[in-house]
Amino acid sequence: MEFSYTVVDNKLTKTVDKTILNYGISIDKLLQLESFFEVVYVPENSKKLIKRVSVIELRKFSSWIKGEELALTTVENFPTKELQLTLIKELATGGVTCLAFHPGNESNKSWKIYKETIDYAKRYELPLLQLNASCTYAEIIDLLYNIEIKEYKSQVSILSNVNQLLFQYLSQTLTLDKLLRNISEMTGLQFIILDVNLNVTSSSRIEDSYINIINSNSFKKFMNDKKTIQLLTNGNSIIVDTVIEDTNFHFFVRPIKENKYVKQVLVIIGSVDHPMIDKIIESIEKALNLKKEESLEKIMSNINKANVELFKNNNLKQAKLYYSKIGYKLEDKNAIIIMDINTEMENNSSMDLNYLDNIRFRIINQINHYFKGSIFATWYNNNFVIFLTLKSKEHFEEISYELLNMMNFTFPFLQINLGLSSSYTTELYKAYNEAISAVKSANELDKRIEYFDDLSFFQIITDFGNNYYIKHFYSNELEPLLSLEEENKKEIMATLATFLDNNLNYKETADLLFVHPNTVRYRIRKVKELYKNEHLFSDSEKRLNLSIAIKMYQYK
């Protein structure tokens with residue numbers, strides 16, 4: 001499913017040429033004037049509107065046809081079959097809504113509308129009428145203006161009714177779904193409200209085909225495209241087009257903003273040439289923004305305050321209070337993922353910064369919606385901070401890849417790197433700094449995912465005025481040896497340290513320890529067994545980590 005879009009002016013009625021009629025008159029309303037017209041041909045379900053009247057007195061007229069006219073002329077001006085066929089073709093090509101022939105001078109009975117002319121009108125689906133002989137052009141124009149005045153009064157009444165419904169909605173006596181359905185019945189338009197994650201939250205009665213399109217992953221991917229997000233962030237409205245099995249689908253998309261954030265999206269199905277469309281949309285926007293909800297700015301402010309308390313001041317108690325105000329719970333969270341996104345901006349204009357803020361807001365909402373409370377995402381110090389309850393290292397890996405895959409699908413234009421805290425750490429203050437170190441390494445090495453536990457020796461630079469990470473490093477590296485009985489452990493570690501310092505030479509190690517070389521071989525074989533790795537010393541980095549870890553342990 002491929003989508004295209006056209007950017008439209010936010011004042012839709014500006015795009016309509018209103019040289020004569022402001023609202024447009026349907027063919028059906030015109031046909032109600034039976035005493036003035038006789039129907040020659042009108043296609044079924046014609047939805048074209050008459051927005052101006054043109055009197056055709058010359059045969060060379062095509063240059064001043066503007067479209068959407070009721071074209072008035074006489075059979076006398078176009079008496080031959082050839083002239084009538086040419087007239088029909090030029091009017092249809094020029095976008096004329098309807099043609100009405102005046103019979104002209106009744107004394108000349110040879111003037112008529114030919115059968116071929118009617119067939120040609122059917123071919124182009126151009127409505128064809130014949131005026132009563134006693135009817136004048138001036139009377140027709142006056143009649144259309146009278147219909148226009150009635151239409152105006154009708155539209156004012158519709159807008160008044162819409163505003164009454166919006167008041168009921170704000171007074172909480174009417175649901176949003178019911179509001180949209182009532183407005184739909186008045187206007188003939190269909191309305192859908194999408195949340196920031198592009199999920200339908202409310203709608204009038206919508207055709208299944210449109211609902212299927214809007215619920216599709218293809219639509220969400222299109223709406224999450226960088227260009228689309230930038231347009232919505234900047235307040236632009238768009239008309240979206242797609243084709244499914246040779247059927248064209250069009251709908252109007254308008255962002256509902258709160259300050260710099262796009263918090264909802266309004267989708268309208270139907271002709272946006274509706275005369276009151278601007279005022280109806282404006283009223284709906286105001287109602288959605290007036291609805292009593294905690295402001296997005298306040299939510300983001302509380303998130304920032306919570307993270308400052310947690311990660312800067314190491315004040316878990318105060319952080320919990322701020323998070324509780326927005327419905328987040330830290331009590332069961334014991335691990336952190338830092339997510340970095342690489343977005344290239346041409347400059348630091350306010351438009352670009354607003355776009356970035358909206359990207360962050362959308363990503364946070366997308367993650368929180370996707371994982372349904374098992375994890376939650378926030379923003380701090382130019383990174384996404386994702387809190388979760390860790391069950392095992394395997395669980396950590398599973399969540400990480402699921403998060404990465406979801407982000408790559410939903411926001412394919414972003415370069416995403418993840419840094420994961422240690423699977424052993426449960427204190428969030430330390431877990432955050434671990435994840436920061438890991439994501440820095442991921443960025444430098446161009447890795448999508450980096451685990452703090454895999455940083456080896458570089459873990460020790462993640463320290464904050466105490467020896468927590470030094471202990472964490474050597475405990476992690478020496479874990480198989482630390483479970484040995486004290487005397488045996490001391491003996492094995494001394495042998496391993498000397499063996500590593502002497503470049504894995506058994507004889508030199510034995511000489512320095514005053515033991516037989518076979519004793520050294522036995523102890524080193526024991527180390528390999530404890531690590532369950534026959535090739536333990538083949539990795540130079542692992543040898544370095546073991547050597548440093550033993551020294552740290554011995555001089556702790």
Side-chain angles (χ1 to χ4, degrees), residues 16-152 271 273 275:
V16 181
D17 187 351
K18 301 179 178 179
T19 48
I20 294 181
L21 302 176
N22 288 316
Y23 294 101
I25 296 171
S26 68
I27 297 294
D28 288 341
K29 287 185 179 179
L30 192 64
L31 296 181
Q32 292 173 12
L33 307 173
E34 295 178 354
S35 59
F36 294 90
F37 296 102
E38 177 185 339
V39 174
V40 179
Y41 162 70
V42 173
E44 292 184 9
N45 301 320
S46 178
K47 295 182 180 180
K48 294 180 180 178
L49 295 177
I50 298 167
K51 295 188 177 177
R52 59 183 61 82
V53 181
S54 296
V55 178
I56 300 173
E57 296 179 340
L58 302 174
R59 292 176 183 173
K60 294 184 178 180
F61 60 85
S62 58
S63 62
W64 46 266
I65 286 292
K66 294 184 178 180
E68 300 185 302
E69 288 103 334
L70 166 62
L72 301 174
T73 191
T74 62
V75 181
E76 182 178 359
N77 286 340
F78 298 89
T80 68
K81 182 192 306 179
E82 290 72 20
L83 288 173
Q84 289 183 13
L85 295 181
T86 301
L87 172 67
I88 294 291
K89 183 176 181 180
E90 290 190 9
L91 292 178
T93 304
V96 167
T97 298
C98 181
L99 169 62
F101 275 118
H102 194 286
N105 186 351
E106 292 188 10
S107 63
N108 191 333
K109 301 296 184 181
S110 64
W111 295 335
K112 65 177 182 178
I113 301 173
Y114 294 92
K115 179 181 181 301
E116 289 82 357
T117 302
I118 300 170
D119 291 339
Y120 224 49
K122 291 179 179 178
R123 174 178 173 182
Y124 286 101
E125 294 191 339
L126 178 68
L128 189 57
L129 308 176
Q130 181 170 303
L131 299 176
N132 290 334
S134 61
C135 181
T136 66
Y137 291 160
E139 286 177 313
I140 295 300
I141 293 172
D142 283 343
L143 282 168
L144 293 178
Y145 274 115
N146 286 330
I147 295 175
E148 165 84 350
I149 292 171
K150 290 180 181 179
E151 185 70 20
Y152 170 75
S271 173
D273 284 344

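Please read these numbers as outputs of a predicted model, since none were measured by experiment. Position 1 is the first residue of the sequence; numbering continues from there.
Qualifying side chain to side chain donor-acceptor pair (under 3.5 Å) partners for Asp28, counting only residues two or more places apart in sequence or in other chains: none. Thr93 is linked by a side chain to side chain donor-acceptor pair (under 3.5 Å) to nothing, counting only residues two or more places apart in sequence or in another chain.
Judged by distance alone, with hydrogens and angles left aside, the side-chain atoms of Thr117 form no donor-acceptor pair with the main-chain N or O of Leu85 at under 3.5 Å. Proximity of a side-chain donor or acceptor of Arg59 to a complementary backbone N or O of Phe78 within less than 3.5 Å is not detected. At least one donor-acceptor pair under 3.5 Å links the side chain of His102 to the backbone N or O of Cys135. Using modelled atom types, no side-chain atom of Gln84 and backbone atom of Ile118 make a donor-acceptor pair closer than 3.5 Å. When atom types are taken as modelled, the side chain of Asn132 and the backbone of Ser35 share a donor-acceptor pair closer than 3.5 angstrom.
Pairing each heavy atom of Glu69 with each of Ser54, the nearest pair is CG-OG, 3.1 Å. The minimum heavy-atom distance linking Pro127 with Pro43 is given by the pair CG-CD, 3.9 Å.
A distance of 9.0 Å separates CD1 in Ile25 from CG in Leu70, rounded to the nearest 0.5 Å. Between atom CG of residue Leu83 and atom OH of residue Tyr114 there is a gap of 9.0 Å, rounded to the nearest 0.5 Å. Here the straight-line distance linking atom NZ of Lys81 with atom NZ of Lys112 works out to 8.0 Å at 0.5 Å rounding. For the atom pair Asn77 CG and Glu57 CD, the distance stands at 7.5 Å (nearest 0.5 Å). Between the CG atom in Leu91 and the CG atom in Leu87 there is a gap of 4.5 Å [rounded to 0.5 Å]. We find the OG-CD1 distance between Ser26 and Ile50 to be 8.0 Å, quoted to the nearest 0.5 Å.
A heavy-atom distance below 4.5 Å is found between the side chains of Ile27 and Cys98. Side chains of Leu49 and Thr97 form no contact here, defined as non-hydrogen atoms less than 4.5 Å apart. The shortest side-chain heavy-atom distance between Glu68 and Arg52 falls under the 4.5 Å cut-off. Side-chain contact between Leu72 and Ile56 is absent, with no heavy atoms from C-beta onward closer than 4.5 Å.
Put simply, the residue from Leu128, Thr74, Leu131, Leu129 that forms a side-chain contact (heavy atoms from CB on, under 4.5 Å) with Phe101 is Leu128.
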Verdict with reasoning, Arg123 to Asp119, per salt bridge (Lys or Arg N to Asp or Glu O under 4.0 Å): CA-CA 6 Å; Arg123 174 178 173 182; Asp119 291 339; over 6 Å; no

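No more than 12 heavy atoms of other residues, nucleotides or ligands sit less than 6.0 Å from atom CD of Glu125. The local environment of NZ in Lys89 is sparse, with at most 12 non-hydrogen atoms from other residues, nucleotides or ligands closer than 6.0 Å.
Pairs engaging residues 35-55 under the ring-ring contact (aromatic ring centres under 6.0 Å, His included) rule: none recorded [sequence neighbours left out].
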